[in-house]
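I have placed the structure first, in the form of structure tokens, so that the comments after it can refer back to it.
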Amino acid sequence: MPLRLYNTLTQAAEPFEPLVAGQVRMYVCGVTVYDLCHIGHARMALAFEVVRRYLAYSGYRVTLVRNFTDLDDKIIKRAAEQGRSWSAVAEEFTAAFRQDLEALGLAPADVEPKATEHIPEMVALIRRLVERGLAYAVDGDVYYAVRRFPSYGKLSHRSPDELLAGARIEVDERKRDPLDFALWKASKPGEPAWDSPWGRGRPGWHIECSAMAGKYLGESFDIHAGGEDLIFPHHENEIAQSEGATGRPFARYWLHNGFVTVNGEKMSKSLGNFVTIRQALQRSSAEAVKLLLLSTNYRSPLDYTEAAVAEKARALAGVQEFMRRVEILAAETGSPATAAADESGGAGQAGSRRPASTARAGDRDGCGVVSGGLTASIPRAREPAPVGEDAFRDAMDDDFNTARASGVLFDLVREGNRLLQEARQPGGAARCLPRLQETASALRRLGQVLALDLRSGLTLVEKLNGVSMTRPVEAVQAELARLVGDRPADPAAFQSRLSAVLAELLAQREAARRDRNWAAADAIRQSLAAHTIRLDDSRTATHAVSEFAAERGLPPVAVTLLKS
RNA sequence: GGCGCGGUACCCAAGGGGCUAAGGGAGAGGUCUGCAAAACCUUUAUUCGGCGGUUCGAGUCCGCCCCGCGCCUCCA
């Protein structure tokens with residue numbers, strides 16, 4: 001089944017056909033950098049990152065451009081309030097957005113152009129619109145003559161007359177039509193200003209995306225995306241500008257994500273329900289936040305609550321537990337740790353790959369178009385599809401149905417857990433391990449397509465066959481408390497010391513259990529549980545698995561004691 | 001007023017004319033276990049906001065109604 005995606009332009013799901021075979025060019029409207037970004041921005045970034053990743057998985061070479069609006073009334077206003085320069089404000093929140101994306105484990109776009117670095121391109125585009133009779137200058141301002149562009153309204157599916165009917169537009173005598181919008185604005189004193197044929201001024205909001213999309217992706221490209229609030233006027237105006245200037249179709253598919261509400265209400269500062277990405281990540285893991293954002297169709301509204309994220313965290317814990325068990329089983333049976341080695345890395349590493357900038361804009365192909373760099377690190381679809389993967393593709397081919405796709409992942413986990421039970425039978429481990437590792441590998445791979453890091457979180461599985469006990473259990477417990485008391489300066493040293501301590505405790509407990517001294521054994525279990533280290537007895541071994549909360553900054557540790 | 005979206009179990013949510021209505025969370029019972037945890041099995045919607053209609057057949061299409069929401073103004 002071919003990929004179908006819902007196109008706002010046609011209001012229908014359409015088969016996806018790129019303009020150039022094998023290559024996808026997409027532009028996402030990014031953020032205006034006047035404040036910290038909230039989970040609505042995170043949803044936007046994630047939704048289209050998943051689009052990018054699924055297209056790459058499907059074999060396309062994808063180029064993603066996502067701009068920063070670093071020139072805007074809100075930035076100027078914020079700067080004035082804080083007594084800072086507007087550029088300082090823009091730089092601060094540009095950096096903050098990049099940090100937030102990295103914390104979420106989302107990769108930078110291939111090109112992340114800034115409005116302020118493309119003023120000449122915007123001026124050239126406005127000049128072209130004036131020459132073609134689609135724009136007119138008045139007192140140092142330039143306006144787009146909406147009525148001169150016949151298909152104005154085709155994206156938002158409203159005619160200019162309809163738009164006018166219910167509109168609350170302030171009357172500006174200098175505009176020929178109330179719907180005309182500014183391409184260039186004469187700057188007031190103290191505002192940023194650039195020279196132009198119409199005097200010193202600054203660009204209107206919409207022109208930057210037309211200019212930058214055209215520069216990096218060409219006059220016509222495949223996908224243009226953004227939040228649903230951008231449909232009108234921003235994207236409508238982009239179409240008028242770009243198609244008016246070039247006479248050629250602008251973007252082919254228009255994708256728009258739905259809003260995030262908080263406790264059922266749209267986020268707003270006045271309501272005090274504005275949740276920044278930082279706040280969300282303080283309370284929950286990035287993977288749980290992302291799983292919640294992916295649990296409904298990207299076009300539908302999504303309610304963000306602490307309880308909902310917590311539910312996703314519990315769901316995710318089951319997946320991670322399965323991954324751990326496969327790794328532990330591999331360690332028990334002495335199999336090579338293929339599970340950890342079969343991929344270069346999870347989604348979580350993508351974010352730290354490298355910063356994007358317009359200066360280092362990647363390769364250019366023959367037609368002056370920047371081509372994608374991330375694409376190479378995303379796993380490709382395999383033919384024929386491994387078990388379970390065809391269902392994943394069916395879901396994703398259906399307008400990126402991430403809710404159904406994540407259901408496929410949970411189905412894989414359940415099947416894997418059944419196999420794990422079978423593996424407990426005598427001789428079962430060796431028989432089941434290859435299939436288990438395949439399942440774990442599929443989960444990691446498909447998780448990456450959804451920008452989810454489904455690795456087990458285990459960095460160390462220690463395997464013991466016997467440990468000498470040289471000190472009393474109280475001394476070992478005291479060292480354990482010391483170790484986990486603080487955020488460690490050296491995580492690797494912490495892990496090796498902690499695993500040694502755990503090994504001692506496991507050995508002491510195993511000795512107690514052999515003596516049927518259940519009280520002593522349970523006391524050790526409880527002392528570990530107090531530090532969120534869980535013990536897990538199986539027929540052949542005992543496992544200690546750390547479950548440190550993310551905010552404590554302790555690296556995960558797992559120790560396996562084999563019964564001899 | 002105009003344009004558009006949604007109402008599916010206790011909660012979230014997929015499914016958009018015909019195989020037993022995905023999946024997650026929560027609850028209940030069971031298996032396994034010295035204890036425990038996890039996991040697995042069973043179970044929780046003869047029914048998809050209400051009423052009509054089309055059809056051999058309707059959560060699924062049409063009409064009306066009720067409820068909730070978004071956009072039309074800066075907003076992801």
Side-chain angles (χ1 to χ4, degrees), chain A residues 8 11 13 28-32 34-35 37-48 66 69 72-74 77 153 156-159 161-170 205 225-234 236 256-261 264-269 291-292 295-303 305 307-308 310-319 321-322 324-325 391 395 398 401-422 424 513 516-519 521-522 525-526 529 534-539 543 545 547:
Chain A
T8 305
Q11 298 180 298
V28 176
C29 281
V31 295
T32 301
Y34 73 104
D35 203 348
C37 288
H38 52 65
I39 49 183
H41 297 109
R43 186 184 197 191
M44 176 272 295
L46 175 62
F48 301 122
R66 184 179 51 223
T69 298
D72 169 270
D73 289 345
K74 291 188 292 299
K77 181 167 172 255
S156 49
H157 304 285
R158 279 170 292 207
S159 69
D161 292 325
E162 284 171 340
L163 283 165
L164 215 47
R168 289 160 275 172
I169 299 174
E170 76 286 11
W205 172 34
E228 67 178 5
D229 54 320
L230 298 181
I231 296 171
F232 187 88
H234 185 56
E236 195 72 73
H256 293 98
N257 66 277
F259 276 117
V260 176
T261 58
E265 288 176 305
K266 186 173 170 178
M267 272 186 283
S268 78
K269 289 182 179 168
L291 185 60
L292 174 65
S295 69
T296 185
N297 181 280
Y298 73 94
R299 292 188 282 114
S300 305
L302 177 112
D303 196 42
T305 63
E311 183 202 306
K312 295 306 168 189
R314 283 191 292 273
L316 218 42
V319 180
E321 182 64 16
F322 168 72
R324 270 200 287 265
R325 280 169 190 249
D398 180 15
N401 191 331
T402 52
R404 220 163 88 206
S406 64
V408 173
L409 263 41
F410 289 111
D411 287 336
L412 280 175
V413 171
R414 192 174 342 95
E415 285 162 30
N417 275 323
R418 282 195 204 113
L419 266 178
L420 275 172
Q421 281 194 330
E422 204 179 316
R424 287 171 56 185
R513 293 180 76 203
R516 307 188 72 79
N517 182 355
W518 307 127
D522 291 350
R525 178 201 291 287
Q526 279 155 26
R534 203 187 71 225
L535 288 191
D536 191 354
D537 294 319
S538 76
R539 201 155 292 178
H543 317 291
V545 178
E547 293 180 328

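Small disclaimer: the values here were computed from a predicted structure and weren't measured. Sequence lines set the chain letters: A, B, ... in the order given, protein chains first and strands last, and positions in each chain run from 1.
- In the set B/A39, B/A38, B/C74, the nucleotide with an atom closest to the side chain of A/W205 is B/C74.
- For B/G16, the O4'-C1' to base torsion is within 90° of 0; the nucleotide is therefore syn.
- When rounded to the nearest whole Å, the span between CG of A/L230 and C1' of B/G4 equals 16 Å.
- For the pair A/D398 (side chain) and A/N401 (backbone), a donor-acceptor distance under 3.5 Å is absent.
- With sequence neighbours left out, A/D73 forms a salt bridge (Lys or Arg N to Asp or Glu O under 4.0 Å) with A/K185, A/R202.
- To the nearest whole angstrom, the two C1' atoms, one in B/U42 and one in B/U20, are 16 Å apart.
- Residues meeting the side-chain contact (heavy atoms from CB on, under 4.5 Å) test with A/H256, sequence neighbours left out: A/T8, A/L155, A/E228, A/I231, A/H235, A/W254.
- In terms of the salt bridge (Lys or Arg N to Asp or Glu O under 4.0 Å) criterion, A/R43 has no residue partners (sequence neighbours excluded).
- A/N417 comes within 4.0 angstrom of sugar-phosphate atoms only, judged by non-hydrogen atoms across all strands, and of no base.
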Q: Can you run through RNA chain B from 5' to 3' and write each base as (, ), [, ], | or . depending on how it pairs? Watson-Crick or G-U wobble, both distances under 3.5 Å.
A: ((((((((.[[[..)..(....]]]((((((.......))))))....[[[[[..)....]]]]])))))))....
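- For A/V260, counting side-chain heavy atoms from C-beta on, the closest listed nucleotide (B/A76, B/C74, B/G25) is B/A76.
- Nucleic acid contact for A/H38: base, since at least one base atom lies under 4.0 Å from a heavy atom of the residue.
- A salt bridge links A/D537 with A/R525: the distance from a Lys NZ or Arg NE/NH1/NH2 to an Asp or Glu carboxylate oxygen falls below 4.0 Å.
- As judged by a 4.0 angstrom heavy-atom cut-off over every strand, A/G40 is placed among the base-contacting residues.
- Against the 90° criterion about 0, the sugar-base torsion of B/G6 places it in the anti range.
- Looking at A/K266, its side chain has no donor and acceptor atom pair within 3.5 Å of the base of B/C71.
- With C1' as the reference atom, B/C65 and B/C71 are 24 Å apart, rounded to whole Å.
- A/R418 pairs by the salt bridge (Lys or Arg N to Asp or Glu O under 4.0 Å) definition with nothing, not counting sequence neighbours.
- Take A/R314 and apply the side chain to side chain donor-acceptor pair (under 3.5 Å) test, not counting sequence neighbours, and it matches no residue.
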Set out, line by line, the N/O atom pairs under 3.5 Å between protein and nucleotides 31-35 of chain B.
unit_1: B/C32; atom_1: O2'; unit_2: A/R424; atom_2: NH2; d: 3.2
unit_1: B/G34; atom_1: N7; unit_2: A/R513; atom_2: NH2; d: 3.3
unit_1: B/G34; atom_1: O6; unit_2: A/R509; atom_2: NH2; d: 3.3
unit_1: B/G34; atom_1: O6; unit_2: A/R513; atom_2: NE; d: 3.3
unit_1: B/G34; atom_1: N1; unit_2: A/D522; atom_2: OD1; d: 2.9
unit_1: B/G34; atom_1: N2; unit_2: A/D522; atom_2: OD1; d: 3.3
unit_1: B/G34; atom_1: N2; unit_2: A/D522; atom_2: OD2; d: 2.6
unit_1: B/C35; atom_1: O2; unit_2: A/D522; atom_2: OD1; d: 3.4
unit_1: B/C35; atom_1: N3; unit_2: A/R525; atom_2: NH2; d: 2.6
unit_1: B/C35; atom_1: N4; unit_2: A/R525; atom_2: NH2; d: 3.2
unit_1: B/C35; atom_1: N4; unit_2: A/D537; atom_2: OD2; d: 2.6

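- The CZ-P distance, from A/R418 to B/C40, rounds to 8 Å in whole Å.
- For the P atoms, the distance from B/G30 to B/A13 is 33 Å, rounded to whole Å.
- For B/U46 and B/A36, the P atoms lie 35 Å apart once the distance is rounded to whole Å.
- Spacing between B/C48 and B/G7 at atom C1', rounded to whole Å, works out to 10 Å.
- Checked against salt bridge (Lys or Arg N to Asp or Glu O under 4.0 Å), A/R158 has no partners two or more places apart in sequence or in another chain.
- Nucleotides B/A45 and B/C10, compared at atom C1', are 12 Å apart to the nearest Å.
- In this structure, CG on A/L291 lies 9.0 Å from CG on A/L409, to the nearest 0.5 angstrom.
- Across the interface with RNA chain B, nearest-nucleotide mapping of A/T32 and A/R534 shows A/R534 to be the residue nearer the 5′ end.
- Residues satisfying the side-chain contact (heavy atoms from CB on, under 4.5 Å) criterion with A/D72, sequence neighbours excluded, are A/T32, A/T69, A/K74, A/I75.
- The nucleotide whose nearest atom lies closest to any side-chain atom of A/R414 is, among B/C72, B/C40, B/A76, B/C40.
- Listed by chain and number, the residues in a side-chain contact (heavy atoms from CB on, under 4.5 Å) with A/E422 are A/L419, A/R431, A/C432 (sequence neighbours excluded).
- Using a 4.0 Å heavy-atom distance criterion, A/F410 is classed as a sugar-phosphate-only contact.
- Atom NE2 in A/H41 sits about 7 Å away from atom C1' in B/C75, given to the nearest Å.
- Summarising the geometry, the separation between CZ on A/F232 and P on B/C75 is reported as 11 Å, rounded to the nearest angstrom.
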**Q.** Letter per nucleotide, 5' to 3', of nucleotides 5-14 of chain B [B base touched, S only sugar-phosphate touched, - untouched; heavy atoms, 4.0 Å]
**A.** --------SS
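- Taking the C1' atoms as reference points, B/A9 lies 12 Å from B/A26, given to the whole Å.
- Remark: P of B/G4 and NE2 of A/H157 are 8 Å apart, rounded to the nearest angstrom.
- Atom CZ of A/F259 is separated from atom P of B/G4 by 18 Å (rounded to the nearest Å).
- Residue A/D411 contributes atom CG, which lies 15 Å from atom P of B/G15 at whole-angstrom precision.
- If you take atom P in B/C5 and the same atom in B/C61, they sit 11 Å apart, rounded to whole Å.
- Of the candidate nucleotides B/C74, B/G4, B/A76, B/G4 has the atom lying nearest to any side-chain atom of A/Q11.
- Contact annotation for A/R314: backbone-only contact, meaning every heavy-atom pair under 4.0 Å involves sugar-phosphate atoms and none involves a base.
- Residues that satisfy the side-chain contact (heavy atoms from CB on, under 4.5 Å) test with A/D35, not counting sequence neighbours, are A/R78, A/F93, A/K269.
- Residue A/G258 is in base contact, counting any heavy-atom pair closer than 4.0 Å across all strands shown.
- Atoms CG and CD, from A/D536 and A/E321 in turn, are 6.5 Å apart once rounded to the nearest 0.5 Å.
- If you take OH on A/Y298 and OG1 on A/T296, they are separated by 12.0 Å, rounding to the nearest 0.5 Å.
- For A/E321, counting side-chain heavy atoms from C-beta on, the closest listed nucleotide (B/A39, B/C74, B/A38) is B/A38.
- In this structure, A/E228 places its CD atom 15 Å from P of B/C69, rounding to the nearest Å.
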